Amino acid sequence: MRVEVARYAGICYGVERALKLAEEAAESGDAVHTLGPLIHNPQAVAALRERGVEVASTLDDVPAGTLVIRSHGVAPAIIEDARLHGLHVVDATCPHVSKAHEAAEERQAGGYTVVVGGEADHPEVEGIMAHAGGEALVVSSAAELPAKLPSRRVGVVVQTTQSLDRLTEVVEAITPRASELRVFNTICSATGKRQQSAQELGENVDVVIVVGGHNSGNTTRLVEICQAVNSRVYHVETAEDLDPTWFSGAESVGVTAGASTPDEQMQGVIRAIEAME
Ligand code: F3S
């Protein structure tokens, strides 16, 4: 059975950086909390806890020590609040997300109507909204745009994990309603490459294994993309989830993993598949 790994698979730069910063903070011996799980992967969160990194739901749950801001970023007020409470803040906001924050802030300060393409209840979008002074419009598709925009000068920013098709659709719908339109393509290229290579993998193998947390949105998206081109797609968190019957009669198996899947987790799955041969 041939095992093929997607060209772009597994943990992304922003999440890896956030993990490293949290681990470094824990090594200093300080009490370390993250605001929400640092990574959408239960095994990685458990491993962090063993190293002394706890998950807090709100700032009230963090009495002292270090607060790590995850790669999604947060509203500026949360960082200010944390500092006012005497916490040491380690800002692990992904640099790609920070660019979206800056773009939203600049357009809002320039008097533009800021339109954010993305999911309204996603923490990253909430952070971008806050950087736009809370006055931005969030739309997940062109159909959600209001008939009349608050002004004819419009700045568009997009959630880093959105597709280019979605951004294009929103921009095309705004164009006739705007006299000036500034578009910031803040989509993270790693996401598109990971999705494209998952699809190519799915088209070329008998069975696809997608590794990542069941609570990880981007891993679930990879599952959907592979399912569109392959009928034998399975989502696992670890090697223990593999079922040998899935590979019956298969000559090739493709493995891919979400942006929040640590490399050792993906490698563990690959080794377990290879051991089945
Ligand atoms: Fe950053 Fe892209 Fe990952 S935005 S957190 S590198 S998916």
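Every value quoted in this text rests on a predicted model; they were computed, and no experiment measured them. All ligand and atom numbering here is 1-based and tracks the order in the structure.
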Can you tell if the side chain of Leu137 reaches within under 4.5 Å of the side chain of Leu149, non-hydrogen atoms only?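 Of all side-chain heavy-atom pairs linking Leu149 with Leu137, at least one is under 4.5 Å.
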Which ligand 1 atoms does Thr191 reach within 4.0 Å, using its non-hydrogen atoms?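 Within the 4.0 Å cut-off of Thr191, ligand 1 contributes 7 (S).
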Does anything in residues 87-116 pair up under ring-ring contact (aromatic ring centres under 6.0 Å, His included), and if so which pairs, sequence neighbours excluded?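 Listed once each, the pairs are His101-His131.
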Can Glu16 and Lys20 be counted as an ion pair, charged N to O under 4.0 angstrom?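 No, no charged N to carboxylate O under 4.0 Å.
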Part of Thr161 with heavy atoms under 4.0 Å of ligand 1, whether side chain, backbone, both or neither: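 No part of Thr161 is near ligand 1 at this cut-off.
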May I ask you to check whether His40 and His72 place their ring centers less than 6.0 Å from one another?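 Close enough - the centres of the two rings lie under 6.0 Å apart.
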Contacts of type side chain to side chain contact (heavy atoms under 4.5 Å, CB included), residue Glu27, not counting sequence neighbours: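 Testing Glu27 for side chain to side chain contact (heavy atoms under 4.5 Å, CB included), a comparison that skips the adjacent residues, returns Arg51.
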Is there a side-chain hydrogen bond (donor to acceptor under 3.5 Å, both in side chains) between Ser216 and Ser260 once you walk through the steps? CA-CA 7 Å; Ser216 157; Ser260 46; 3.3 Å; yes
Anything protein N, O or S sitting under 2.8 Å from atom 1 (Fe) of ligand 1: count it and give me the total.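 For atom 1 (Fe) of ligand 1, protein nitrogen, oxygen or sulfur atoms under 2.8 Å: 1.
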For Arg166, salt bridge (charged side-chain N to carboxylate O under 4.0 Å, His left out) partners two or more places apart: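 Once residues adjacent in sequence are excluded, Arg166 has no partner under the salt bridge (charged side-chain N to carboxylate O under 4.0 Å, His left out) criterion.
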